[in-house]
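Inspection log for the structure reproduced underneath, given as structure tokens.
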Amino acid sequence: MNIVYIRHIILLLLFPTLASASMLMQTGFENHEAHTPFTRDLWQEEGFQTASWDQGLKDRTEVEDQVAAQGLHALRVMYPKGEFGPAYTGCQISLLFPSRDEAYASYYLRFSENFSWGTTYYGGKLPGLAGGKNCSGGQNCDGTNGWSARFMWRGGGKLILYLYDMLKPDTYGLDIPLVHQDGSPVVAERGRWYHITERVKMNSSPDKADGEVQAWVDGEEVLFITGRKFTTCDVKIDNFYISTFHGGDDEGWCPTDTCYTFFDGIRVGTTYEDVSYQHCLKPDAGNDQALCAVGSAQLAVDMPAAYRVKWSRDGEFIHEGNRLSADLPGTYIVVADSAQCSQNDTVQLFDRLLVDLKAEDHICASSFVTLQSNLAGDQLSFQWFKDGELLNGETKASLTTKEAGHYRVVVSAENCGESSDTFTLTSGLLAVEDVAGEAGEEMEIKPLLDGIYSWWSETGEHLGIGPSYRTTLPQGEHYIFVKDENGFNGTVGKKGISENAWTRSNFDKEFMQFTVERELTIDSISIYPTKALEATLNIVDEATGAVVFSQTYPGLKGGDEARLPLGVTLPAGAYHLDAQGTTAPLYHSHTDSDIHFPYTIEGLISLTGCNLDWINNKGWYMLFYNWHVSAGNYCAATPVRLSGSAANGMVDERRDGLFAYPNDEILVIEGAYAGQKITVTDVTGKKIVSVQAKGDEPLRISMERWPKGIYLVNGWKVVKR
């Protein structure tokens, strides 16, 4: 018995196959070595019955350990640049199970960050349920040679059901778009995991067309069709067809870069509960640690008893349980498995101090930013500097601030020496000075620029609207918040192309007219190239005919949304936007029923239509989609610190010794005493949660389901971004 085989047995003990009576088969790819192909014999070792053939498993699949949706491993499938079809891209294998009239399947799907949807034509196959001889590839499904209900990607990442059954109207499969409940198409983003669930029910007899297909994405139903006819004989649902490749049958379907899909958590069952999307609690292993400071790191997660918790170091499983004592440097991953789904967290143990701040950030989306050193340990000392000056009293592992500047943290420990890193924070918040004085003194607060502003208390009470705000300084340190009443940041126009898209290149006649009501900035718009091209956008002042903006965007890929930054600020007036100079056609919405000119943001901008003279007043939507515009200061409310000193000149510290900060999806509260009541509210004063501290250990509260925004914790401001 060799070493690899011994380790394989250990992994099977740690990750047993958890099958219910109704579960037909499942895998998370946890039981096999990373960086090895997932060949047919490994599928069989996982308990799957397979067909006697496969394509691409040896050369184009690999178990990977970098981006798993669950656990530690996922399956990576490769699509080489310039190739198409199942012989040269992706992989195929049929996973067999006993024939039945109804079945469910699900899997996690992720497209690589560089994923190419195609070259001239855009589409590729994805796994789905099938039966018999898996009718596909342009075959006529005659009721005896099987059927298939795979999924596909189309241009820009649109997901569809690709159905081969007896009722398909054309040679190839029937495209049926997946659609969100709001009517928008399901479009996959590169680099993000999606949970795909499918149900198929056979037609009830050979002469009836009452078969069904249903689909969900991340638990949301996105397709339900009935009236389908799959078979006229005893062919039923008997396999999960892993069939994924680019194309298509010619070079127009090729990926422009070598790219990948990732699959995880494949499950096939007889009930929806077997395969449904499950929300799992995420473990929190805390910050990175330096072993030179702590000697032995005590790692711990707080998970319910229903979760199995397993730890690995540098890819090797080493422990099971909520707590782990570790004295070797490395990358530690903790996996919490509920049997239905799992989540993981990573913590680094270093043999020396190593602090790593982000290089820079811009504060606008939130009122405060928390700088994280990402190191923990009672033996560590922290010093924070801003613009070269020591920030007195800031001795924690993180720093929450509202002020732009150049920051530096120095971390030291007795046996480690010290390590430091720098961080640059720029700000888009309003320019308004903090105020300080004697408690009871009347003060006027006014932003640097004239305008109309909305004023709010730190508990979310609306204090009024005006160019300034007068207040009496309370004792101690408090905040009020101010926001530009006329600030705007959002989108206008049709979100994207539909299935009715045409291709157009007559750009001297095809342009979109719009009216600007007051000064605003057009930040970006979207176009949809038909193939690789160079696009040129021009904005023309309709009153003078002058071109006020022109920019060329080279190297755009076809078959995908191209988001183009403009960043042009326009005064009030009438304009049009054209694409003269673009080197190939763009997609163009045509006769869509949801087009309803004008698209208007009241008092700001109105998209009034196309070149109506040229198209004889038909309301066709032109080439430009999802305009992002902004005006005034649209950043989050700017906090203004009010410092009121008592008669003796001392400022009352009113925060009960607390220190609150976010750590990923966890709110950490330090410094609470046993029995102290901690209340978390949003900026409107609405209570989010109330807890009571039990001792000296930091409180950890999950923020996973909280909306992004500002939260108040007994006077502390915490930002979920």
Side-chain angles (χ1 to χ4, degrees), residues 278-287 300-307 309 322 336 338 343 345 365-372 376 378 393-394 396-402 455-463 474-481 483 636-637 639-644 651-721:
Q278 301 287 332
H279 173 76
C280 268
L281 297 177
K282 181 178 174 64
D284 176 20
N287 289 343
V301 295
D302 183 15
M303 300 299 297
Y307 284 77
V309 177
N322 280 11
S338 72
Q343 294 272 5
D345 191 29
S366 60
S367 300
F368 295 86
V369 166
T370 299
L371 313 184
Q372 296 277 8
D378 294 338
E394 297 293 350
K396 299 289 186 179
S398 60
L399 171 70
T400 299
T401 183
K402 67 184 184 70
W455 302 85
W456 303 80
S457 74
E458 62 185 348
T459 60
E461 178 187 1
H462 189 214
L463 302 175
Q475 185 171 334
E477 186 176 283
H478 297 256
Y479 285 93
I480 65 170
F481 293 82
K483 189 171 178 61
V640 183
R641 184 167 54 244
L642 311 180
S643 301
V651 174
D652 176 27
E653 288 291 344
R654 62 181 195 86
R655 297 192 178 180
D656 302 325
L658 291 180
F659 179 65
Y661 58 92
N663 183 4
D664 196 10
E665 293 289 301
I666 302 296
L667 171 61
V668 182
I669 304 173
E670 300 179 1
Y673 55 82
Q676 183 178 8
K677 184 177 181 181
I678 309 295
T679 300
V680 183
T681 68
D682 62 18
V683 293
T684 69
K686 178 183 176 181
K687 185 172 77 172
I688 304 300
V689 66
S690 184
V691 297
Q692 191 173 43
K694 296 180 179 179
D696 295 333
E697 289 295 318
L699 290 170
R700 296 177 179 269
I701 302 172
S702 174
M703 303 173 69
E704 189 169 0
R705 298 195 178 189
W706 297 6
K708 294 179 181 179
I710 303 170
Y711 295 90
L712 308 173
V713 186
N714 286 34
W716 278 98
K717 309 320 180 278
V718 175
V719 181
K720 180 180 179 183
R721 307 191 70 183

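Small disclaimer: the values here were computed from a predicted structure and weren't measured.
How far OG of Ser457 is from NE2 of His478: 11.5 Å, rounded to the nearest 0.5 Å. The CD1 atom of Ile480 sits 11.5 Å away from atom CD of Glu461, with the distance rounded to the nearest 0.5 Å. In this structure, CG in Leu371 is found 8.5 Å from OG in Ser398, a value given to the nearest 0.5 Å. Within the model, atoms CG of Asp284 and CD1 of Ile666 stand 5.0 Å from one another, a figure rounded to the nearest 0.5 Å.
In this structure, Asp302 does not pair ionically with Arg700, as no charged nitrogen and carboxylate oxygen lie closer than 4.0 Å.
A heavy-atom distance below 4.5 Å is found between the side chains of Leu281 and Pro304.
Taking both residues in full, the closest heavy atoms of His279 and Glu704 are given as CE1-OE2, 3.2 Å, listed atom of the first, atom of the second, then distance. Annotation for Trp706 and Ile701: closest pair CZ2-CG2, 4.0 Å, computed over non-hydrogen atoms. Across Gln372 and Pro662, no two heavy atoms sit closer than the pair NE2-O, 2.5 Å. Of all heavy-atom pairs spanning Leu642 and Pro474, the tightest one is CD1-CD, 4.4 Å. Considering all non-hydrogen atoms of both residues, Lys402 and Ser367 come closest at CB-O, 3.6 Å. Among all heavy-atom pairs drawn from Asn287 and Ala376, the shortest one is CB-CB, 3.6 Å.
The side chain to side chain contact (heavy atoms under 4.5 Å, CB included) test applied to Lys483 returns Ala637, not counting sequence neighbours. Applying the salt bridge (Lys or Arg N to Asp or Glu O under 4.0 Å) rule to Asp345 yields no partners; only residues at least two apart in sequence or on another chain are considered.
Ring-plane geometry between Phe481 and Phe368 is classed as perpendicular, the angle between the planes exceeding 60 degrees on a 0 to 90 degree scale with a lower cut at 30.
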